[in-house]
2 protein chains.
Amino acid sequence: MQDRKLISKAVINRLPRYYRYLGLLKDQGVEHISSGDFSRMMKVTASQIRQDLNHFGGFGQQGYGYNVDKLYEEIGKILGLDRVYHTIVIGAGRIGQAIGSYEGFSNRGFRMEALFDRDPAKHGDEVGSGIKIYPLSYLKEYLKTHKVDIAAVAIPSEAANAVVPILVEGGVEAIWNFAHTDFDVPDNVIVQSVHLSESLMQLSYKIVHH
Amino acid sequence: MQDRKLISKAVINRLPRYYRYLGLLKDQGVEHISSGDFSRMMKVTASQIRQDLNHFGGFGQQGYGYNVDKLYEEIGKILGLDRVYHTIVIGAGRIGQAIGSYEGFSNRGFRMEALFDRDPAKHGDEVGSGIKIYPLSYLKEYLKTHKVDIAAVAIPSEAANAVVPILVEGGVEAIWNFAHTDFDVPDNVIVQSVHLSESLMQLSYKIVHH
DNA sequence: TAGATTGTTAATCGATTAACAATC
DNA sequence: TAGATTGTTAATCGATTAACAATC
């Protein structure tokens, strides 16, 4: 897909937060907001907000501010929230089940369609609104008959390293990684990692050095 | 605590990843590694590694490289992993239980000592290696009689906003936040957030724009 | 010693902030 | 219109990369 202009990585990482705050404003029925007010709400500079939003153009108006509804919708589109992502979860442990059953994701188009686990005791169980847990050994077959956009990987590192080639081979477009490891995948496969232990270490750093 | 030199935010965020890779090298019995080899392993530039590690000084040696054991230990200290953090978890849902029971955290000094939940059906239950679930209403009292360094908050945003003042009032030093919201806390309280939905949106952005 | 590799300075690149003319 | 506020350029700040002399 072609971008209007090239949007920098730093801006992209901020978009979901803008989106969240715009959602709050929308719920409150706010129609428009100035970069100044928005900056106080979000605790960033007004200058940064104007620079960032300007990439998308046309939602600000001098003397008035930004149209909340339009901006919310536009940022949603840019984030790819106007489509459906067929999503599976590898690992039906506590993290895997949490992801598979969280309604907030499906509300945004991340449709949870299957969980996979090696534990036979879990096979056939359901999570959330009827998402089935399948044997991990069925994954390969599943990928042959189902298009999968995103696979969330919520199993230990070693097992994860064994599963990833199956996902790649099976045509999964993106991996949402919760294992404490980095994957080696072809360029066309996207990996987005949530390294919880790294987050916790950044926290302990802050405790020790403040 | 006083830093030797001022270490930039970007470097700090990379430290846990260095630490993880050094742990792997240590397990493999590697005694020393050059910035060149390390850069190929970690897929960053050798220049960045030398710049980063140079902040701590004394672990590199010309013609030899870096001593793995010493560097691992030193970075561990800088990250604050040489001490114990009394840790509690607010919310005994799937995320809360996952955090409370994960052995990897306690192995690094993050001692999980109690969970709190408002659901009476869970009160008295145990998670992981005997960590009890208490009523949320007992939290205030608990904080009076126990020193808590870190509280992981794994409940929905609204409930979280109600609990945070109790944590702050109770002298909790740092909050590890899993709710989809930002907290307003005094300067001396640290907040480290894991915004899963934001991570997922960054992922969908990459899918749509690659 | 000769070769390898760091420590560190300088150059480049990118991101943030400030400022203000344009304009609703 | 006058006031408010954006869009956008220029200035600043910070982070990354390149280069090479120092040195083990």
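Each chain gets a letter, A, B and so on, in the order its sequence line appears, and its residues count up from 1.
- Nucleotide dT6(C) holds its C1' atom 14 Å from the CD1 atom of Ile33(B), rounded to whole Å.
- In this structure, Gln62(A) atom CD and dT23(C) atom P are separated by 7 Å, rounded to whole Å.
- The nearest whole Å value for the distance from the NE2 atom in His55(B) to the P atom in dT16(D) is 10 Å.
- One finds no side-chain N or O of Tyr64(A) lying less than 4.0 angstrom from the OP1 or OP2 phosphate oxygen of dG7(D).
- Checked against dA19(C), dC24(D), dA15(D), the side chain of Ser47(A) finds its nearest nucleotide in dA19(C).
- With salt bridges taken as basic N to acidic carboxylate O contacts below 4.0 Å, one links Lys43(A) and Asp184(B).
- Of all nucleotides listed (dT6(C), dT8(C), dT6(D)), dT6(C) comes nearest to the side chain of Ser35(B).
- The side chain of Ser8(B) lies closest to dA15(D), out of dG7(D), dA15(D), dT6(C).
- If you check dA22(D) for Watson-Crick or wobble pairing at under 3.5 angstrom, you find it paired to dT5(C).
- Using a 4.0 Å cut-off between charged side-chain N and carboxylate O, Arg20(A) and Asp182(B) make a salt bridge.
- Rounded to an integer number of Å, the gap from CZ of Arg50(B) to P of dA4(C) is 15 Å.
- If you check distances only, the side chain of Gln51(A) never reaches the base of dT8(D) with a donor-acceptor pair under 3.5 Å.
- Regarding contacts with the backbone of dT17(C), a side-chain N or O of Thr45(A) is found under 4.0 angstrom from either OP1 or OP2.
- The Arg14(B) side chain lies nearest to dT16(D) when the options are dC24(C), dT6(C), dT16(D).
- Under the 30°/60° scheme for interplanar angles, the aromatic rings of Tyr142(B) and His146(B) are found to lie parallel.
- In summary, Lys147(A) and Asp149(A) engage in a salt bridge, as defined by a charged side-chain N under 4.0 Å from a carboxylate O.
- The cationic group of Arg83(B) lies under 6.0 Å from the six-membered ring centre of Tyr85(B) and within 45° of the ring axis, placing it in a cation-pi geometry.
- The residue among Asp52(A) and Leu53(B) whose nearest nucleotide of DNA chain C is located toward the 5' end is Leu53(B).
- If you take NZ of Lys9(A) and P of dC13(C), they are 19 Å apart, rounded to a whole angstrom.
- Proximity note for Gln48(B) (side chain, C-beta onward) versus dT16(C), dG7(D), dT17(D): the nearest is dT17(D).
- Residue order along DNA chain C, read from the 5' end via each residue's closest nucleotide, puts Gly36(B) first among Ala10(A) and Gly36(B).
- Summarising the base pairing, dG14(C) is matched to dC13(D) through a Watson-Crick or G-U wobble pair whose two defining distances lie under 3.5 Å.
- The Tyr66(A) side chain lies nearest to dG7(D) when the options are dT6(C), dT16(C), dG7(D).
- The aromatic rings of Phe116(A) and Tyr138(A) sit tilted relative to each other, their planes meeting at an angle between 30° and 60°.
- Across the protein-nucleic acid pair, Phe56(A) atom CZ and dT6(D) atom P stand 16 Å apart, rounded to whole Å.
- What separates CD1 of Ile49(A) from C1' of dT8(D) is a distance of 17 Å, to the nearest Å.
- Taking atom NZ of Lys43(B) as the reference point, atom P of dT17(D) lies 16 Å away to the nearest angstrom.
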